[in-house]
Structures are given as C-alpha cells and as structure tokens.
Amino acid sequence: MWEGGQAAESPAPTATAPRLVDRAGFEALVASHHAEIYRFLLRTTGRPSDADDLSQETFLRAYRAYRSLTPDANVRAWLFTIATNLSRNHFRAQKRRRAAHAAASETVSQHGAPEPDGVMIGREVEAVVSAVVSRLPLKQRLAFLQRKVHGLDYETIAGALDCSPESVRAHVFQALRKIRQALRGHELIEKEREP
Amino acid sequence: MTRKASQCVEIEAEIQAVAAGEAEPEAARRVDEHVRECVGCQAELERYQRIEREVATMRNPLAAEPLAALARERLEARLADLRTRLVAYEVITTAVGRILLAASEQGLVLVEYLDRRHDVPRILRDHELEPAEDGGQLDPFGRELQEYFDGRRTRLEWPLDFKLVRSPFQRKVLEETAAIPYGAVMSYAGVARELGRPEAVRAAAQALRWNPLAIVIPCHRVVGSTGALTGYAGSGRTDRKRRLLDLEGVPTARLTSDFRIRPEAMYVLTPGSREYCLPTCSSLEPAPAAHHTAPVLTLGARLFASRERAEAAGLLPCTTCRPDSHPLNP
C-alpha cells in the first residue's frame with residue numbers, strides 16, 4: 001500500500017498485529033478441562049441445553065480473560081469459579097422468570113423419592129441420589145458437586161462460592177444428609193452394575 | 001423421623017468423614033466406638049458408605065462424553081467467531097482530532113475519528129468488535145501515526161484486517177485507494193477507471209464515504225474531478241481532508257465555500273506511464289474539458305505534490321517537458 005513510499009526517507013513501519021490470546025495455550029486449556037466443566041454444569045443444571053450454553057459461556061469468558069491470568073494460577077479452580085458464577089446467575093435469572101410467570105401455580109413435582117420401607121436395588125439407589133442432588137438448594141448442590149464429584153478442596157470451593165470454607169463444609173454436610181435421609185427406611189441391596 | 005440422641009447428632013459429620021475415607025485417626029476411633037454401641041448410627045454409616053460408592057460412579061469421566069463432545073464443537077465455532085471480533089484499541093490525540101485505533105490479531109481493523117461520540121466500547125460494539133482486556137498493545141501504531149502527523153513518516157504499510165469492509169467492490173476501491181502514494185491525489189473517476197469500471201464513479205465515491213481505516217487507507221487523496229475536496233469522514237469534514245493534504249504538501253486553493261486542490265500546480269502521472277510531467281506537457285492527451293473539471297483528473301491521472309513525491313514513487317521525469325529542468329514553482 002501507499003506504493004512508492006519505498007524511498008529511504010521514511011523508516012519502514014514496525015507496528016504488527018497484536019497477539020491478544022496465546023492460542024496454543026488456550027487450546028490446551030480447553031482440551032484439558034472442557035469435558036469436566038461440562039459434566040459439572042450438566043449435574044448442576046440437570047439439562048444438556050443449559051450445560052451447553054453455560055460451558056460455552058465459561059470458556060468464552062476464560063478466553064477473554066486469559067491474558068490476565070498469571071502463570072502460576074490454578075486454571076482448573078479458575079474455570080470452576082467462572083462456571084459457578086455463571087450457574088448462579090443462570091438460576092437467579094430463571095427464578096426471576098418464574099416469578100414473572102407467577103400465574104403458573106406451584107408445579108414443582110415431587111417425583112424421585114420412592115415410598116419408604118421399600119427395597120432399593122442398584123440403579124434405583126443411583127436414581128435417588130441423582131434426584132436428591134438435582135433438588136438440592138443451589139449453593140449446597142454446587143458445594144457438593146465440587147467437593148464430592150470433582151474433588152476440589154474446601155478453600156477453592158469457598159473462593160468460587162464467595163463464602164468461608166466452614167460454610168462449604170456445612171453445605172456438603174447438609175447435602176449428604178439429605179441424600180442419606182432419602183435412602184433411610186430402604187434396605188439397600190447392592191447389585192452387579194450393568195456395564 | 002425418630003429423634004436422635006444428641007451424641008448421634010454430634011457425631012454425624014465424623015461418620016460422613018469416615019465413610020468418605022477423610023477422617024482423622026481420632027475421629028475414626030470415636031466413630032468406631034460409637035457405632036459399635038449404636039445400631040442406628042451403624043446403619044447410617046453404611047448408608048453413607050453406599051452414597052460414597054454412588055458418588056464415585058458420578059465421577060466417571062465417560063458419563064456425559066457424547067454430550068460434552070457436541071458442546072465442545074459448538075464452543076469451537078463460537079471461539080473462532082470471538083477470535084475474529086476481539087480487538088485491542090487505543091485513542092490518540094492528533095492535529096485533526098482524537099482518533100480511535102483498533103486491531104485484531106489479523107491487523108488494524110478500525111481507524112475512526114472520534115467526533116461527538118466518545119463511548120469507545122459502544123463504538124466497538126456497533127462494529128461487532130469486542131474490546132480485549134489489557135491495553136498498550138497498539139502503542140507502535142499510535143506512535144507511527146503520530147510520526148505521520150509530524151511529517152516524519154510517509155509510509156504506513158501496516159497489516160490490515162478488512163473485516164469491516166462491507167462488500168467486495170468496496171474492498172477493491174479501498175485497495176485501489178491504498179495504492180495512491182503519499183503526496184499524490186487522484187479523482188473518483190480515476191479510481192473507477194483503474195478498477196476497469198469507468199462508469200462506476202458514483203459507486204466508487206460511495207464506497208469511500210465510509211472508510212473503516214481512515215488515513216491508513218488514504219481516501220483523503222481522492223478528490224472530485226474538479227479537484228474539489230468533497231465530503232470526508234462521513235460528515236463533510238473537508239477541513240480535515242485539507243489538513244491531511246497540506247501535511248503531504250498537496251497545493252490547495254479556496255473556492256467560494258470550500259477547498260479544491262490546484263491541479264495546475266501539480267505534476268501529472270497519466271495512467272500506464274512511469275514518467276511524471278508538467279501539467280502543461282504537450283504529451284498529455286487533450287481531453288474535452290467538461291465544465292469546471294480538470295481534464296487530467298477526469299482521465300484518471302495521479303497528481304503529485306512535488307518532484308520529490310513523484311520520484312519517491314519510483315517515477316522518472318518526462319523527457320518531453322523535462323520537469324527536472326523546469327520545476328513548478330512551489
């Protein structure tokens with residue numbers, strides 16, 4: 001361009017296109033953590049479409065902020081924090097939407113927990129556990145999944161939930177207790193799991 | 001639900017810890033002692049152990065794999081889109097006002113005058129660009145553009161991103177315009193001729209009405225066939241166009257309410273030639289002069305502000321009119 005500017009009178013331009021994100025580094029991050037964050041969000045929301053949206057949003061946010069991430073940062077904990085914040089926003093928005101549709105009467109179903117004093121075998125136990133987890137209050141569910149399923153430490157979870165590690169312990173305790181209560185009164189029979 | 005003894009309530013957290021295999025030895029011993037005597041808590045411990053086994057299956061990474069793979073595909077598509085929209089930006093203050101510079105990883109994508117609008121993130125969003133966090137990355141662009149304004153730089157061949165260009169035709173016009181050297185001018189008619197579409201003068205002018213890369217794509221070097229400095233920067237800011245041409249040494253004169261360049265005071269390069277002439281050279285094709293138009297501009301010539309500018313563009317003096325022996329008076 002500006003053909004003819006070749007005369008030695010003017011120095012050659014030196015400005016180059018900026019490097020905004022370390023692409024290889026970010027691709028490695030996606031490869032390492034995407035599947036786990038997706039599973040976390042699927043358990044958190046219970047809906048593949050929501051997990052899809054929220055996991056995309058998590059990594060798009062991470063991409064925008066990737067430059068400011070320090071080299072010694074715990075990337076996995078950082079991603080869980082983003083995913084946790086997005087989940088909480090998601091449910092807050094959902095709650096507002098539901099409140100707006102207040103005309104719709106109480107329709108929260110109570111399915112999931114079988115009658116007490118039954119016998120539960122194999123997959124039934126799994127179904128009950130999943131059902132109880134999916135109905136936990138959000139903070140308990142987030143704390144439970146991060147601690148029990150993803151094995152994050154209490155400090156990290158406390159950071160993501162913006163509360164104390166003691167509160168996280170309390171949330172996990174309550175969550176386990178609710179699952180245990182749902183199983184109470186049932187004789188639990190182990191069965192060979194289908195492959 | 002049966003009411004539990006306070007001891008059983010107190011020990012529940014430790015029972016959970018034992019079931020999870022996370023209990024301290026002290027706590028494990030307390031639980032062991034308690035459940036030996038408490039049938040209820042023994043059953044609770046078993047339930048918690050059962051829950052732990054169930055939770056272990058939730059950790060299976062293969063569980064949601066097909067869904068995760070689909071989500072990953074969609075993510076990759078959105079990341080690819082985001083990569084094209086993410087820009088670094090900088091605002092510099094120059095002799096012709098405040099200028100916004102924005103660059104993607106492909107190159108400079110936007111150079112826009114900030115007149116009344118100052119909300120930069122808003123301007124970027126209007127162009128479907130997204131500001132990246134962090135700044136300072138465009139300092140070299142800003143510095144080199146300031147050198148241009150200081151008259152110390154005649155070259156701005158930067159990597160460009162034509163993302164905001166609206167049509168293939170506009171892109172062609174911009175590329176043609178980009179080839180006009182520093183200190184030279186050409187008419188819209190000339191640009192249209194160079195593109196092989198001499199009838200498309202209006203379309204060429206229209207394409208230059210909004211130039212996403214002001215200054216860098218030098219649309220200020222394109223003038224009307226009368227030599228008039230027609231609208232610039234979208235709002236008839238011919239004062240700005242004139243300042244840029246002044247800076248580059250192009251002679252201009254005041255018309256009644258506006259400015260025009262002075263073709264009679266500039267060297268001429270006719271299309272296809274590599275020699276520059278005096279405007280009076282006998283080798284120049286006499287053209288039927290329409291009312292008020294400068295014939296050479298209508299025919300697509302480039303006009304140079306000085307011999308220095310013409311020779312910087314690699315041109316030689318015409319051997320007929322010898323502009324080297326009889327230079328125009330500055």
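In what follows, chains carry the letters A, B, and so on, assigned in the order in which the sequence lines appear, proteins first and then strands, with residues in each chain numbered from 1.
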Quick check on the interface: out of B:Glu65, B:Glu130, B:Arg59, who has the most heavy-atom pairs with chain A under 4.5 Å? B:Arg59
So which residue, B:Ala20, B:Ser104, B:Gly107, B:Gly183, ends up with the most heavy-atom pairs under 4.5 Å with chain A?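 Of the options given, most contacts go to B:Ser104.
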Contact list for residues 14-23 of chain B, test side chain to side chain donor-acceptor pair (under 3.5 Å), sequence neighbours left out: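 Pairs touching residues 14-23 of chain B that pass the test: A:Arg147-B:Glu22, B:Glu14-B:Arg30, B:Gln16-B:Tyr48.
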If a pair satisfies side chain to side chain donor-acceptor pair (under 3.5 Å) and one of its residues is in residues 155-164 of chain A, list it, with sequence neighbours excluded.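 Sorted result for residues 155-164 of chain A: A:Asp153-A:Thr156, A:Ser164-A:Ser167.
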Measuring only between side-chain heavy atoms, which start at C-beta, is A:Gln56 closer than 4.5 Å to B:Leu79? no
Between [X] and chain B, which part of the residue has a heavy atom less than 4.5 Å away: side chain, backbone, both or neither?
X        : result
A:Ala31  : both
A:Leu41  : neither
A:Val149 : both
A:Ala51  : neither
A:Arg169 : neither

Name the region of B:Glu175, side chain, backbone, both or neither, that has any atom closer than 4.5 Å to a heavy atom of chain A. neither
Please classify the contact between B:Glu52 and chain A as side chain, backbone, both or neither, with a heavy-atom cut-off of under 4.5 Å. side chain
Applying side chain to side chain donor-acceptor pair (under 3.5 Å), run through B:Glu144 and A:Thr14 and close with a yes or a no. CA-CA 8 Å; B:Glu144 293 182 14; A:Thr14 60; 2.4 Å; yes
The test is side chain to side chain contact (heavy atoms under 4.5 Å, CB included); show your working for B:Trp158 and A:Thr16 and say whether it passes. CA-CA 7 Å; B:Trp158 288 328; A:Thr16 52; over 6 Å; no
Can you tell whether the side chains of [X] and [Y] come within less than 4.0 Å, N to carboxylate O?
X       : Y        : value
B:Glu12 : A:Arg180 : yes
B:Arg78 : A:Glu57  : yes
A:Arg23 : B:Glu105 : no

Please step through side chain to side chain contact (heavy atoms under 4.5 Å, CB included) for the pair B:Gln137 and A:Leu20, ending with a clear verdict. CA-CA 9 Å; B:Gln137 293 197 80; A:Leu20 300 176; 3.2 Å; yes
